[in-house]
Amino acid sequence: MGLFQGHSVTLIRIFPYAAIKFVALEQIRAILMPTKETRDSSTRQFIAGSLAGVTSVMFTYPLDLVRVRMAYEVREAGKKRAGLREVCKIIYHEPAQQIHLLNFYRGFLPTMVGMTPYAGVSFWFYHIITRFARQHPLVTPYTRSPIQFDEFADDLTFNQKKALEKPPLKTWAELLCGGLAGLVAQTSSYPLEIIRRRMQVGGLLEPNKFITFKETILDIYRVKGFKGFYVGLTIGYIKVIPMVAVSFLTYERMKQVLEID
């Protein structure tokens, strides 16, 4: 059960985080890419993804910090593990900040900085790789069963019209594209992930001090050098690649089910 410490907060956080991220993405895309020609712009896809990621983090960051702290807490023998309420009280009463609510924003700066390449690269690369899969000369292995209806028919359903414009990928191809997007995004932003985690658990290590972004970078480099910014990257791949793959697959399939353009 120790491997699931903080999982309840993860479930509480992920719903608004993912919802805000994808809703913000669609709204920002509508503004930045109003025409079919602009939708193919890689730069605009990157900007839209980055802004969507930053927007979602702004609303859900305190829950992320609580989740990390609950996962990091180690229960001593014979003592009960701290629950959600207890961890929130501990964080709130740490003397590092005069305004106690700011204790819930340890590591907020590197998170915002790191979310720009992470979300931006994730959505950008996903757009690139799925477009390649749909336009590849050997497109049959990637897309689902060929369209069997007349594209000029007047009574086409919403899903049929969307399938002509944007052929849906097979499940394995969708998962592969999402997984590759997660891999590229994780690699590009991982050093900032290390810095963020280090700052988030700083309250446990030094509750009287609010460690800055610069101090955290220097401390990591002093102890482990450049390699210190990539500690645990393999585990990061094991977590992020399937998570992003399933996330994109579920999002695309639910848009089809709910007939969302």
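Everything numeric here is computed off the predicted structure, so don't read it as measured data. Residue numbers count from 1 along this sequence.
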S.K.: Decide whether Phe22 and Val54 are clustered together by the hydrophobic rule: side chain heavy atoms of Ile, Leu, Val, Met, Phe, Trp, Tyr closer than 4.5 Å, transitively.
M.R.: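 Yes, because Phe22 and Val54 connect within a single hydrophobic cluster, where side-chain heavy atoms sit under 4.5 Å apart.
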S.K.: Do the side chains of Phe123 and Phe46 get nearer than 4.5 Å, heavy atoms only?
M.R.: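 Not in contact.
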S.K.: Locate the shortest heavy-atom distance separating Ala133 from Leu169; write the atom from each residue and the value.
M.R.: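 Smallest heavy-atom distance, with atoms named: CB-CD2, 3.8 Å.
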S.K.: Check the pair Arg13 / Val66 against side chain to side chain contact (heavy atoms under 4.5 Å, CB included), numbers first and verdict last.
M.R.: CA-CA 10 Å; Arg13 167 188 170 270; Val66 173; over 6 Å; no
S.K.: Within this structure, what is the CG-NZ distance for the pair Asp219 and Lys224, rounded to the nearest 0.5 Å?
M.R.: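 Those atoms lie 10.5 Å apart.
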S.K.: If we only count heavy atoms from C-beta on, is the Arg67 to Asp64 side-chain gap below 4.5 Å?
M.R.: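 Yes. Closest side-chain heavy atoms under 4.5 Å.
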S.K.: Looking at side-chain heavy atoms only, is the closest gap between Phe59 and Tyr17 below 4.5 Å?
M.R.: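 When only atoms from C-beta onward are counted, Tyr17 and Phe59 do not touch, as no gap falls below 4.5 Å.
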S.K.: If I compare all heavy atoms of Ala245 with all of Gly179, which pair ends up nearest, and what's the gap?
M.R.: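 Closest pair (atom of Ala245, atom of Gly179, distance): CB-N, 3.5 Å.
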S.K.: Are Ile238 and Leu175 linked, directly or through other ILVMFWY residues, by side chains that come within less than 4.5 angstrom of each other?
M.R.: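 The answer is no; the residues belong to distinct hydrophobic clusters.
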S.K.: Hydrophobic cluster membership, with links at side-chain heavy-atom distances under 4.5 Å among I/L/V/M/F/W/Y: are Leu176 and Leu249 in one?
M.R.: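 Different clusters.
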S.K.: What's in the same ILVMFWY side-chain cluster as Leu51, cut-off under 4.5 Å, chained through other members?
M.R.: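 Hydrophobic cluster check, Leu51: joined to Ile28, Leu32, Met33, Ile47.
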S.K.: So do Thr216 and Arg196 actually touch side chain to side chain, heavy atoms under 4.5 Å?
M.R.: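 No, side chains not in contact.
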S.K.: With sequence neighbours left out, what residues match Asn103 under side chain to side chain donor-acceptor pair (under 3.5 Å)?
M.R.: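 Scan of Asn103 (side chain to side chain donor-acceptor pair (under 3.5 Å), adjacent residues dropped) gives none.
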S.K.: Say you draw a straight line from OH of Tyr118 to CD of Glu193; how long is it, rounded to the nearest 0.5 Å?
M.R.: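 CD of Glu193 is found 8.0 Å from OH of Tyr118.
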S.K.: Taking side chain as C-beta onward, heavy atoms only, is Glu252 less than 4.5 Å from Thr130?
M.R.: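 Glu252 vs Thr130: side chains apart.
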S.K.: Linking I/L/V/M/F/W/Y whenever their side-chain heavy atoms sit closer than 4.5 Å, directly or via other members, would Phe104 and Met115 fall into one cluster?
M.R.: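 Yes, Phe104 and Met115 fall within the same hydrophobic cluster.
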S.K.: Go through Arg44 and Arg29 one step at a time and tell me if the side chain to side chain contact (heavy atoms under 4.5 Å, CB included) criterion holds.
M.R.: CA-CA 8 Å; Arg44 298 191 185 202; Arg29 275 179 173 173; over 6 Å; no
S.K.: To the nearest 0.5 Å, what is the distance between CZ (Arg106) and CZ (Arg69)?
M.R.: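 Output value for this atom pair is 6.5 Å.
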S.K.: Kindly indicate whether the side chain of Tyr190, heavy atoms from C-beta on, has any atom under 4.5 Å from the side chain of Val231.
M.R.: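 Side-chain contact under 4.5 Å: no.
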S.K.: Enumerate the side chain to side chain donor-acceptor pair (under 3.5 Å) contacts for residues 235-245, please, sequence neighbours excluded, ordered by first and then second residue.
M.R.: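 Residue pairs with at least one partner in residues 235-245: Thr187-Tyr237.
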S.K.: Can you name the nearest heavy-atom pair linking Pro117 to Ser189, along with the distance?
M.R.: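 Pro117 and Ser189 have their closest heavy atoms at CG-CB, 4.0 Å.
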S.K.: Tell me whether the rings of Tyr61 and Tyr105 are parallel (<30°), tilted (30 to 60°) or perpendicular (>60°).
M.R.: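 Ring orientation, 0 to 90° scale: parallel.
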S.K.: So, do Ile91 and Leu65 sit near enough that their side-chain heavy atoms are less than 4.5 Å apart?
M.R.: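 Yes, side chains in contact.
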S.K.: Taking all heavy atoms of Gly49 and all of Ala119, pick out the closest pair and write down the distance.
M.R.: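 In terms of heavy atoms, the two residues are closest at O-CB, 3.2 Å.
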S.K.: Please determine whether side chain to side chain contact (heavy atoms under 4.5 Å, CB included) holds for the pair Phe229 and Ile195, giving the CA-CA distance in whole Å, both sets of side-chain angles, and the decisive distance to 0.1 Å.
M.R.: CA-CA 8 Å; Phe229 294 98; Ile195 297 169; 4.1 Å; yes
S.K.: Hey, can you tell me if Tyr126 and Phe248 have their rings parallel, tilted or perpendicular (30° and 60° cut-offs)?
M.R.: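 Taking Phe248 first and then Tyr126, their aromatic rings lie parallel (interplane angle under 30°).
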S.K.: With a 4.5 Å limit on heavy-atom distance, are the side chains of Thr38 and Pro34 in contact?
M.R.: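 Heavy-atom side-chain distance check passes, below 4.5 Å.
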S.K.: For the atom pair CD1 (Ile20) and CZ (Phe15), what is the distance rounded to the nearest 0.5 Å?
M.R.: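 So the gap between those two atoms works out to 10.5 Å.
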S.K.: Determine whether a donor-acceptor pair (N or O, by modelled atom type, separation under 3.5 Å) exists between the side chain of Glu215 and the backbone of Thr212.
M.R.: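 Present.
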S.K.: List the atom of Pro110, the atom of Met199, and the distance in Å for their closest heavy-atom pair.
M.R.: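 Smallest heavy-atom distance, with atoms named: CG-SD, 3.5 Å.
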S.K.: Does one hydrophobic cluster hold both Ile14 and Val246, with members joined at side-chain heavy-atom distances below 4.5 Å?
M.R.: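 Cluster IDs for Ile14 and Val246 differ.
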S.K.: Quick one: CZ on Phe125 to CD on Gln45, what's the gap to the nearest 0.5 Å?
M.R.: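 Answer rounded to 0.5 Å: 13.5 Å.
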S.K.: Once rounded to the nearest 0.5 Å, what's the spacing between atom CG of Leu11 and atom CG of Leu63?
M.R.: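 Those atoms lie 11.5 Å apart.
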S.K.: Give me the atom names and distance for the closest heavy-atom approach of Ser50 to Thr116.
M.R.: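 Closest heavy-atom pair between Ser50 and Thr116: OG-O, 2.8 Å.
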S.K.: Ignoring hydrogens and geometry, is there a side-chain-to-backbone donor-acceptor pair from Ser247 to Met243 under 3.5 Å?
M.R.: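 No, the answer is negative, given that no donor and acceptor are paired below the 3.5 Å cut-off.
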S.K.: For a salt bridge (charged side-chain N to carboxylate O under 4.0 Å, His left out) check, start with the C-alpha distance between Lys170 and Glu174, then their side-chain angles and the critical distance, and finish with the verdict.
M.R.: CA-CA 6 Å; Lys170 292 181 179 178; Glu174 193 90 60; over 6 Å; no
S.K.: Between Glu26 and Lys21, does any side-chain N to carboxylate O distance fall below 4.0 Å?
M.R.: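 Answer for the salt bridge query: no.
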